[in-house]
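A short write-up of the structure that comes next.
Chain naming here is simple, since letters A, B, ... match the order of the sequence lines and numbering starts at 1 in each. All values below were derived from every heavy atom in this structure, side-chain atoms included, with hydrogens, water molecules and symmetry-related copies excluded.
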Protein chains: 2
Amino acid sequence: MPRAGLTPAAVVEEAARVGDAAGFDRLSLAAVAKRLNVAVPSLYKHVDGLDGLRRAVAVAAAGQLAEALGRAAMGRSGPDAVRALADAYRAFARAHPGRYAALQTSPAPGDAEAAAAFYAPVEVFQAVLRGFGVAEDARVDVIRAVRSALHGFVDLETRGGFGLADDVDRSFGVLVEGLVDLVAGRAAGSAPG
Amino acid sequence: MPRAGLTPAAVVEEAARVGDAAGFDRLSLAAVAKRLNVAVPSLYKHVDGLDGLRRAVAVAAAGQLAEALGRAAMGRSGPDAVRALADAYRAFARAHPGRYAALQTSPAPGDAEAAAAFYAPVEVFQAVLRGFGVAEDARVDVIRAVRSALHGFVDLETRGGFGLADDVDRSFGVLVEGLVDLVAGRAAGSAPG
DNA sequence: CCGAAAAGCTAACTTGATTAGCTTTGGCTG
DNA sequence: CAGCCAAAGCTAATCAAGTTAGCTTTTCGG
């Protein structure tokens, strides 16, 4: 039989697809192996077990999200940049729910590479808020607020946490305008709330 | 050997403790059985397998959260009610991370009892916003924004998603004041946007 | 052409969920 | 008070998934 020609990257990519389709919590070596027409133990030549696969998917997803956010923010500033960031964030989660879920884990203590990868998307937020004029010492709080709101919304949305029917896009707009106000209120020259 | 004297409620309660201690995703029949000094199959007399146990924990948690939120909101209104609700929400998630995680699932389609239980906490939010004077047609959006922000914050917090060090309480305060502003801006008599 | 590293496989073991069916407890009735 | 019987709990067995060990075979460099 000819070889399958796997690589770590190919395995991780297929795993990300499985996770997007079935949910990150249902990601299994068995499913990935079947999709790649390979026996389960063969995957161990490329990834470090299920935990290692999950970690690799998360690290890759962090890079992809950071890249998408960076592209959205490019050439924009102020409220427009915040809106673009919010839209790109939500779009990523909707397009790749499994990868998005993979990001909602903390790296193992001491795993500096994963920690750095996970931090990349946050850095885009930082850059945008810096450009917005948010004071250095308020920036941590504002970033946390923005991340929290966006994460909460897309998490609830992708899990079906909003009872259906009502226009979810409009709700997202309300949230984002609230965030723009919050950021603007903390931008340079404003007194704290 | 004397009987263990289990009941569905006792099993679910122990499962909730296991989930809080080890994480909802690590909740297992094996762990619960061991804690109750019982063989694993014995649990099937009281709960409907692992899926049934997860569902039962989630339903119970929804009731507990709704109760805590209701207690916090009682006797308050306006911004104070929103702040109290936010604090109670966060406190619940911190005290019971496993139960909180259990709530982040959607009930199986057709499971009306679970759907109703899951909706109970949302009803408390609705009541508070109604009292705040948020217009009927804006209420859905505002509730979604508030829920999103709170959920996102506590979810990131309980997962260790905030890099350490900086004062998380202060960040939460910034978020909550932003929410109060958002709600107030949408309250009766305010122009949208 | 050949030798070794790497890729992939089979076999075996472990843990956890689940089902079937047995035993025993303990409350309730006659 | 004796005995019945439903429910509680158990053991045994099956299945699925992850993991490890160790074998075979491809493939590529020399």
Side-chain angles (χ1 to χ4, degrees), chain A residues 1-61 98-99 101-102 105 107-108 111 114, chain B residues 1-61 98-99 101-102 105 107-108 111 114:
Chain A
M1 202 187 292
R3 278 200 191 171
L6 297 186
T7 63
V11 173
V12 171
E13 175 59 27
E14 193 61 41
R17 291 209 190 98
V18 170
D20 283 338
F24 187 65
D25 49 335
R26 306 235 187 121
L27 174 60
S28 67
L29 294 178
V32 174
K34 178 169 288 187
R35 290 257 221 135
L36 294 171
N37 291 311
V38 138
V40 173
S42 304
L43 298 177
Y44 282 75
K45 296 284 177 176
H46 303 284
V47 297
D48 189 13
L50 182 59
D51 284 349
L53 182 61
R54 287 210 188 100
R55 174 192 175 279
V57 169
V59 167
R99 294 170 222 234
T105 58
D111 185 351
Chain B
M1 198 187 294
R3 282 204 188 167
L6 297 186
T7 62
V11 173
V12 171
E13 176 58 27
E14 193 61 42
R17 292 208 190 99
V18 170
D20 283 339
F24 187 65
D25 49 334
R26 307 235 186 120
L27 174 60
S28 67
L29 294 177
V32 174
K34 179 170 286 187
R35 289 255 222 137
L36 294 171
N37 291 310
V38 139
V40 173
S42 305
L43 298 177
Y44 282 75
K45 297 284 175 172
H46 304 284
V47 296
D48 189 13
L50 182 60
D51 285 348
L53 182 61
R54 288 210 187 100
R55 174 193 176 279
V57 170
V59 167
R99 294 169 221 234
T105 57
D111 186 350

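- Between B/Leu43 and B/Leu53, the closest side-chain pair of non-hydrogen atoms is not below 4.5 Å.
- Taking atom CG of B/Leu29 as the reference point, atom P of D/dC10 lies 14 Å away to the nearest angstrom.
- When the nucleotides D/dG18, D/dT20, C/dA17 are ranked by their closest atom to the side chain of A/Pro41, D/dT20 comes out on top.
- Atom CG in B/Leu43 sits about 13 Å away from atom P in C/dG16, given to the nearest Å.
- Salt bridge absent: A/Asp20 and A/Arg17 never bring a charged side-chain N and a carboxylate O closer than 4.0 Å.
- Each of A/Asp48 and B/Thr7 has a nearest nucleotide on DNA chain D; the 5'-most of these lies closest to B/Thr7.
- Minimum interatomic distance between B/Val12 and B/Ala56 (heavy atoms only, all atoms of both residues): CG2-CB, 3.6 Å.
- The residue A/Val40 sits close to a base: some heavy atom pair falls under 4.0 Å.
- Within the 4.0 Å cut-off from OP1 or OP2 of C/dA7, not a single side-chain nitrogen or oxygen of A/Ser42 is found.
- Taking atom CZ of residue A/Arg26 and atom C1' of nucleotide D/dA17, one finds them 15 Å apart after rounding to whole Å.
- Taking atom CZ on B/Arg54 and atom P on C/dG16, their separation rounds to 13 Å, with Å as the unit.
- For the pair A/Lys45 NZ and D/dG22 P, the interatomic distance rounds to 13 Å; values are reported in whole Å.
- Between the C1' atom of D/dT27 and the CG atom of A/Leu6 lies a distance of 15 Å, rounded to the nearest Å.
- Checking the phosphate oxygens (OP1, OP2) of C/dT18, a side-chain nitrogen or oxygen of B/Tyr44 falls inside 4.0 Å.
- When all heavy atoms are compared, the tightest approach of B/Arg35 to B/Glu14 is NH1-OE2, 2.9 Å.
- Note: CG (A/Asp51) to P (D/dT20) measures 11 Å, nearest angstrom.
- For C/dA6, neither phosphate oxygen OP1 nor OP2 lies less than 4.0 angstrom from any side-chain nitrogen or oxygen of A/His46.
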